[in-house]
Amino acid sequence: MVLQRIFRAVIVGPPGSGKGTVSGRIVKRFGLMHLSSGDLLRANMKAKTELGLLMKSCIDQGQLVPDDVISRLILTEMRNIDQSSWLLDGFPRTVSQAESLDNVCSVDTVINLDVPYQTIKQRLTSRWLHLPSGRVYNIDFNPPKIAGLDDVTREPLIQRDDDTPETVTRRLKAYENQTQPVLEYYRSKGVLETFSGTETNEIWPHIQAFLSKKLSPQN
Ligand code: ATP
Ligand code: MG
């Protein structure tokens, strides 16, 4: 048996750049564990946990939740998967979060999805989500097999409260101001890999080829 070293990856990109979709493909193809800060926060809001209720107004307004809150949440969840290779999605989003992560472990690769803002704005308004799994659909280019229902569970899909045009604009601002510096942070560490394009299906083969060189695909 060949023991593979633990592989730690982060996926970053503006809201709606396809992080969730690409993460799903990476997980399926390469068998990494997936941890999404957005999915975790939405699960907390749905379950009406204290944290979920506190963070809802912040999230619905398109602002980032406080660094200490999200860092604690993610680093706690990471303890459950620290024996596996993993992919972090939506975290870190600020340099301070990246530093918190660095205090715990180093990241092997940061996959940066570089998608033009114009494309993003169009996408987000036609996006539908299966809340329990985080699976995302788009009525234009990635529709569910049955309208309004998740392909796997047949449960209903929802639209996110923060996918309105005004909130999307605010989320893009937050991305520019707070997350772009994270790209610089990882670029200076030599682990940033940027993939540019307007469509996930166009970007995906490049990501797949890149990861295949680092990891052996799952059969
Ligand atoms: P996508 O549209 O690809 O899902 P997103 O960035 O718009 O990307 P999520 O990652 O799902 O959306 O996050 C939704 C919201 O949750 C963010 O707008 C923010 O309020 C909050 N959030 C998620 N991750 C973080 C984080 N690391 N730091 C601060 N706030 C976060
Ligand atoms: Mg997401």
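Atoms within each ligand, like the ligands themselves, are counted from 1 in listed order. The structure presented is a predicted model; accordingly, all values stated were derived computationally and were not measured.
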Checking heavy atoms under 4.0 Å, the part of R170 that sits near ligand 1 is neither
Applying a strict under-4.5 Å side-chain criterion to I, L, V, M, F, W and Y, I'd like to know whether V104 and L73 cluster together. yes
Review point. Is it true that a side-chain atom of D60 and a backbone atom of D161 form a donor plus acceptor pair closer than 3.5 Å?
Key: no
A student comparing Q61, R127, R160, Q63 should find that the heavy atom closest to atom 20 (O) of ligand 1 comes from Q63
Point to revise | Close N or O approach (L41, ligand 1; < 3.5 Å) | key: no
(message) Using a plain distance cutoff, I'd like to know if F91 has any nitrogen or oxygen under 3.5 Å from a nitrogen or oxygen of ligand 1.
(response) no
Quick look: Q178 vs ligand 1, heavy-atom contacts under 4.0 Å, and the answer is neither
Quick look: L64 vs ligand 1, heavy-atom contacts under 4.0 Å, and the answer is both
Short version for Q97: what comes under 4.0 Å of ligand 1, heavy atoms counted, is side chain
Between D39 and ligand 1, does any nitrogen or oxygen pair lie at a separation below 3.5 Å? no
Is the closest basic N to carboxylate O distance between K173 and E176 below 4.0 Å? no
Original post:
Regarding D67 and T94, is there a side-chain donor-to-acceptor distance under 3.5 Å anywhere?
Top reply: yes
Result for side chain to side chain contact (heavy atoms under 4.5 Å, CB included) between R123 and one of V168, T200, D163 points to T200
Classify the side-chain pair S126/D140 by whether it contains a donor and acceptor separated by less than 3.5 Å.
yes
To atom 17 (C) of ligand 1, the nearest of K19, R93, R171, M55 on a heavy-atom basis is R93
Exactly one candidate in L35, V22, I26 meets side chain to side chain contact (heavy atoms under 4.5 Å, CB included) with L87; the answer is I26
- Message: Below the 3.5 angstrom mark, is there an N/O of R42, backbone or side chain, next to an N/O of ligand 1?
- Response: yes
At a 4.0 Å cut-off, with the gap strictly under it, does some heavy atom of G62 reach an atom of ligand 1? no
query = Less than 3.5 Å between some nitrogen or oxygen of P15 and one of ligand 1, yes or no?
reply = no
Taking only non-hydrogen atoms of G90 and a 4.0 Å limit, the atoms of ligand 1 in range are 24 (N), 25 (C), 26 (C), 27 (N)
Do T153 and D150 have side-chain N/O donor and acceptor atoms under 3.5 Å apart? yes
Value for OH (Y175) from CG (L183), rounded to nearest 0.5 Å, stands at 4.5 Å
N/O to N/O below 3.5 Å, does that happen between D162 and ligand 1? no
